[in-house]
Amino acid sequence: MSLDRHGFLMAVITFVAVSLAVIGFYLVGIRDPEPAPFAHLPGDAEAGRVALARMGCAACHAIDGVRAAGGRVGPALNDLHAQRFIAGRLPNTPENAVRFIVDPQGVSPGSAMPNLHVVDVEARNMVAYLYSLGRP
Ligand code: HEC
């Protein structure tokens with residue numbers, strides 16, 4: 001079987017068009033690799049920033065914008081929104097971050113993160129602040 005000139009040209013054009021479409025989708029995917037930003041951040045970010053400072057979270061965690069931050073006992077919390085898991089255990093959602101802050105041992109028995117008796121509303125505010133960090 002032999003393709004005539006026109007058929008061959010059409011095959012090449014089709015191949016190039018399909019390839020460009022595939023590459024295009026791929027590039028769009030690369031440019032926006034994050035999951036969609038959480039639509040409903042749970043609390044008041046500024047109140048959260050104040051609470052993070054007051055409760056001494058920065059003694060163990062580096063947290064941008066919280067004075068005396070720079071602790072190295074726990075992981076830096078400056079890019080939390082981009083992580084896949086909270087404490088390596090729970091899928092990263094604001095609800096799960098709140099859960100962990102309120103009850104670290106309950107979520108992750110044996111975790112070195114202490115239970116600081118953070119109440120729910122305060123944890124929500126903290127999470128609202130933490131998820132605002134590390135965004136362009
Ligand atoms: C005594 C040190 C210490 C203090 C104080 C502390 N943490 Fe932690 N935190 C840790 C450690 C260690 C981990 C990692 C343990 C784990 O993942 O189970 C952690 C993990 C976390 C994580 C999960 C991070 C991740 O990358 O998945 C969050 C969120 C967090 N802490 C928030 C807080 C908040 C909010 C406070 C203040 C209320 C706080 N921590 C106070 C030690 C601390």
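Indexing begins at 1, ligand by ligand and atom by atom, following the structure's order. These figures come from a predicted structure and were not determined experimentally.
Every atom of ligand 1 is numbered from 1 in the order shown, and the set under 4.0 Å from a heavy atom of Ala112 is 12 (C). Less than 4.0 angstrom separates some heavy atom of Ile101 from each of these atoms of ligand 1: 32 (C), 35 (C). Of all atoms in ligand 1, numbered sequentially from 1 with element shown, those under 4.0 Å from a heavy atom of Leu52 are 35 (C). Shown in contact with Ser111 at under 4.0 Å from a heavy atom are these atoms of ligand 1, numbered in order with element: 15 (C), 16 (C), 18 (O). Close contacts between ligand 1 and Ile86 involve ligand atoms 27 (O) [criterion: under 4.0 Å to a heavy atom]. In summary, the atoms of ligand 1 found under 4.0 Å from a heavy atom of Gln83, numbered by their order in the structure, are 25 (C), 26 (O), 27 (O). Near Val118, with a cut-off below 4.0 Å to any heavy atom, the atoms of ligand 1 are 38 (C). Against a heavy-atom cut-off of under 4.0 Å, Gly74 is close to the following atoms of ligand 1: 10 (C), 11 (C), 12 (C).
Judged by distance alone, the side chain of Thr14 and the main-chain N or O of Met10 form a donor-acceptor pair under 3.5 Å. In this structure a side-chain-to-backbone donor-acceptor pair under 3.5 Å is present from Asn78 to Asp64. For the pair His61 (side chain) and Pro75 (backbone), a donor-acceptor distance under 3.5 Å is present. Within the 3.5 Å criterion, the main-chain N or O of Ala45 finds no donor-acceptor partner in the side chain of Tyr131.
In Ala87, the parts holding a heavy atom less than 4.0 Å from any atom of ligand 1 are both the side chain and the backbone. The part of Leu77 lying near ligand 1 is the side chain, judged by heavy-atom distances below 4.0 Å. When heavy-atom distances to ligand 1 are checked against a 4.0 Å cut-off, Pro114 comes that close only through its side chain, counted from C-beta outward. By the criterion of a heavy-atom distance under 4.0 Å, the side chain of Met126, and not its backbone, is placed next to ligand 1.
Residue-ligand proximity: Ala97 is placed with every non-hydrogen atom at 4.0 Å or more from ligand 1.
In terms of heavy atoms, Arg49 sits closest to Gly65 at NH1-O, 3.1 Å. Scanning both residues, Asn125 and Asp44, for their nearest heavy atoms gives OD1-N, 2.8 Å. Counting all heavy atoms, side chain and backbone alike, Gln105 lies closest to Ser111 at NE2-O, 3.1 Å. Tyr129 approaches Gly48 most closely through the heavy-atom pair CB-C, 4.2 Å. Shortest non-hydrogen contact noted between Ala128 and Gly43 is CB-O, 3.4 Å. Closest approach of Pro91 and Asn96 over heavy atoms only: O-ND2, 2.9 Å.
In terms of protein heavy-atom proximity, atom 36 (C) of ligand 1 is nearest to Cys57 SG, 2.8 Å. When hydrogens are left out, the protein atom nearest atom 13 (C) of ligand 1 is Pro75 CD, 3.6 Å; that is the closest non-hydrogen contact. Nearest to atom 39 (C) of ligand 1 among the protein's heavy atoms is Met113 CE, 3.2 Å. Nearest to atom 41 (C) of ligand 1 among the protein's heavy atoms is Leu116 CD1, 3.4 Å. Among all protein heavy atoms, the one lying closest to atom 22 (C) of ligand 1 is Phe100 CE2, 3.4 Å.
Distance check for His61 against atom 8 (Fe) of ligand 1: an N/O/S atom falls below 2.8 Å.
Here atom 3 (C) of ligand 1 lies nearest to Cys60 when heavy atoms of Gly56, Ala58, Cys60 are compared.
A salt bridge is absent between Asp103 and Arg99; no separation between the charged side-chain nitrogens and carboxylate oxygens falls under 4.0 Å.
In this structure the side chain of Val66 never reaches within 4.5 angstrom of the side chain of Cys57, judged on heavy atoms.
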